[in-house]
Amino acid sequence: MKDNIELFTQLSEIRGITPRFITKLKKMNIETVKDLLWHFPTRYEDFSKIYKISELIPNQEATIQGIVEKIGGRRTWRRNLYLMEAEINDDTGSIRAIWFNQPYIKNILQPGRLANFSGKITVSKKDGDIYLSNPTYELVSTHTAYHETKHTARIVPIYAETRGLTSKGLRYLIKPILDELAEVQEIIPYEILEKEKLLELDIALRKVHFPKTIEEAIAAKRRFAFEDLFFLQLVNVRERLKLAKEKSASIKSDLEKTKKLIETLPFELTLSQKRSFWEILQDLEKSHPMNRLLQGDVGSGKTVVAAIAALITAQNGYQTSFMAPTEILAQQHYRTFKKTFPEFESGLALLTSSESKTWYGHELEINVGKTNLYRDIAQGKIKIIIGTHALIQKSLVFNNLALVVVDEQHRFGVKQRAELVKNKKITPHLLSMSATPIPRTLSLTIFGDLDLSLINELPKNRKQIITKAVDPENRNKAYAFIRGQIKSGRQAFVICPRIEPSQKSEETVSNNFGLWIDVKAVKEEYEKLSKKIFPDLKVAMLHGKLKPKEKEKIMREFSENKFDILVATSVIEVGVDIPNAAIMMIEGSDRFGLAQLYQFRGRVGRGEHQSFCFLFTDSTARTTKARLKSIVEAKNGLELAEKDLKLRGPGEFLGEAQAGMPDIAMKAIQNPDLVKSARESAINILKKDPLLKNYPELHNRLNQFQKQVHWE
Ligand code: ADP
Ligand code: MG
């Protein structure tokens, strides 16, 4: 029967696996042999040495081998606990082993049987004797010399245990399958395996589950980490090669004219804004598409850089679509653009699910119906279209779209472009913008297909935001301080946390992006602040349940300083820009991630005023304190990102937009060198053989992988 199991074999076809097991596995999305074998151990326990009973030391983890002398069970005085107790002997002595609620053990560990026992050597509180507490056991057959153990007397794999599947159960399942598994085909080219000193797939697969030494386990895991990173880099490099072959509009810029344009801005661009802008202009001039990520801390001034690029694109007669993740942001960009370039007469539009209007310079603004706007866009009468996801409607056809700008949602942009270029002769240039500072290794992995422009300074005369974690007893002091600031002309944000999805109630509504927002908390806070704490000040509130028009009105009025305090949910999180707001007060700050808190804080400190951020929390947990401390101390986003990454891991850090990626990202941040060599290997092989003609297996797997990791 050997060798009749293949990776694609369904587990349900394998004799001996019970339907109950199959059901449990299915719940973990494990259906084939491959699914099961790629469910790697998360760690290992070293039970490889067999100890003599007389050598045992209290509190060590150890394996012993002995004969079951006696075994019996009884109910204990604690209700519902069934205690199984055995006496085990070897030639040096005897020791007790106990298990709770496992009465069936008696049928397996019958007196006289030889078995291994791995577990913790525990000291009895009653008599000071040592005993084995809940050890893993495994019968040892004496007549098969080559008999290999699964659970004891070896390096034992420990799996993430979920839904009633124990490590022991998984080992029990995996071992015989590996024994009967036909040799697994290698997919990484041999020359790369050799160069990078990697284990072959077939060997690595066996060693990752049942290594003889810890070194073997590490080598096996390294191979799989490399494989993922290598595939990811192949996708990245291939994407670059593909784009290099595609045609796009070449957008020319006149140096003198551009300089003049920049001089009309109300401020002088920072050096890194200029550099980024220059990099973008050079890309736009090429006849193949740009694929660039503009990364810069909150408030570093990314918008204006993108806006000038859009303007120059319009001067060349081409269209730009400028997409923001929320209506509030789209409206803000639209307003800013109008204010910054009042002479722009080539047609600017705002398009969201609730609004459609056009502007042709100065006071010439028209509310148009969607149908009319679509027509104007199709005819090329509108050159710059700012909006939300509404920009990717199928029925929205552009005349000559040449540039796509995506604010605050990097991955989304690639998808959008793919959507937009279907059946088109020219591919638009893509500029993504992000304030999430991503450590270099990670960005090379995740955005390895993008070129990077970095704005690494804030505009001149910005002051450091003074950040304080406020204890409950100092709340009134903070209120008094805020009142003083407002009296001297400033404005304040108050942010309330949202409920997690698991707690969602009727009062909780979903905003456009599936975030659950606690409207109630905002309303309560609003009532409290407007009636009790600051009855003499003007307070407004903003949450996801409001209609887009209402939201727009509130944001506009707040930016026109028509009220003093804005109580809001996290709708305010990304991008909102109100330079006169100098106070950010965050309620329940322990309930936000660090990156999110950092984004909130970035809403203030945008003008010339000294700004303040107050973090309120009722939690006294030490971990909360530590987290808040890192935001208080963080000087820049990158530093914080690194901390956040350490605290929460890349899954949380990257968020759902990067589904499929966190696992690979995890490998990447643990292994910067591996990222580098994976990238080099990918470049080398695609340089020699861009279509992977000589590597059909690799080619197939790569296509599968590309689908799996998301963005197609
Ligand atoms: P972000 O990079 O977070 O998107 P914005 O583009 O919203 O930041 O810019 C933040 C604020 O800084 C805006 O009010 C913008 O007008 C202003 N700003 C941008 N560049 C400069 C500059 N070079 N000097 C002064 N203010 C600037
Ligand atoms: Mg922004």
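Atoms within each ligand, like the ligands themselves, are counted from 1 in listed order.
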Where on Arg606 is there a heavy atom closer than 4.0 Å to ligand 1, on the side chain, on the backbone, on both, or on neither?
side chain
Side-chain ion pair, Glu355 and Lys357, N-O less than 4.0 Å
yes
With a cut-off of 4.0 Å, which atoms of ligand 1 are near a heavy atom of Thr270?
23 (N)
Give the atom numbers and elements of ligand 1 that come within less than 4.0 Å of a heavy atom of Thr303.
4 (O), 5 (P), 6 (O), 7 (O)
With sequence neighbours left out, which residue pairs that include part of residues 336-351 fulfil the side chain to side chain donor-acceptor pair (under 3.5 Å) condition?
Lys338-Glu365
Should one rank Lys302, Lys274, Gln295 by closest heavy-atom distance to atom 2 (O) of ligand 1, which comes out on top?
Lys302
Any N or O on Gly301 sitting closer than 3.5 Å to an N or O of ligand 1?
yes
Just say parallel, tilted or perpendicular for the rings of Phe616 and Phe614, cut-offs at 30° and 60°.
perpendicular
Check for me whether Gly296 has a heavy atom closer than 4.0 Å to any atom of ligand 1.
no
Of all the heavy-atom pairs spanning His288 and Glu246, show the shortest one and how long it is.
CB-O, 3.1 Å
Please, which pairs that meet side chain to side chain donor-acceptor pair (under 3.5 Å) have at least one residue in residues 302-317, sequence neighbours excluded?
none
Should Gln273 be counted as touching ligand 1, given the test is an N or O pair under 3.5 Å?
yes
Flag yes if more than 12 heavy atoms outside Lys370 fall under 6.0 Å of its NZ atom; otherwise flag no.
yes
Ligand-side contact atoms (ligand 1) for residue partner Glu268, heavy atom cut-off under 4.0 Å:
22 (C), 23 (N), 24 (N)
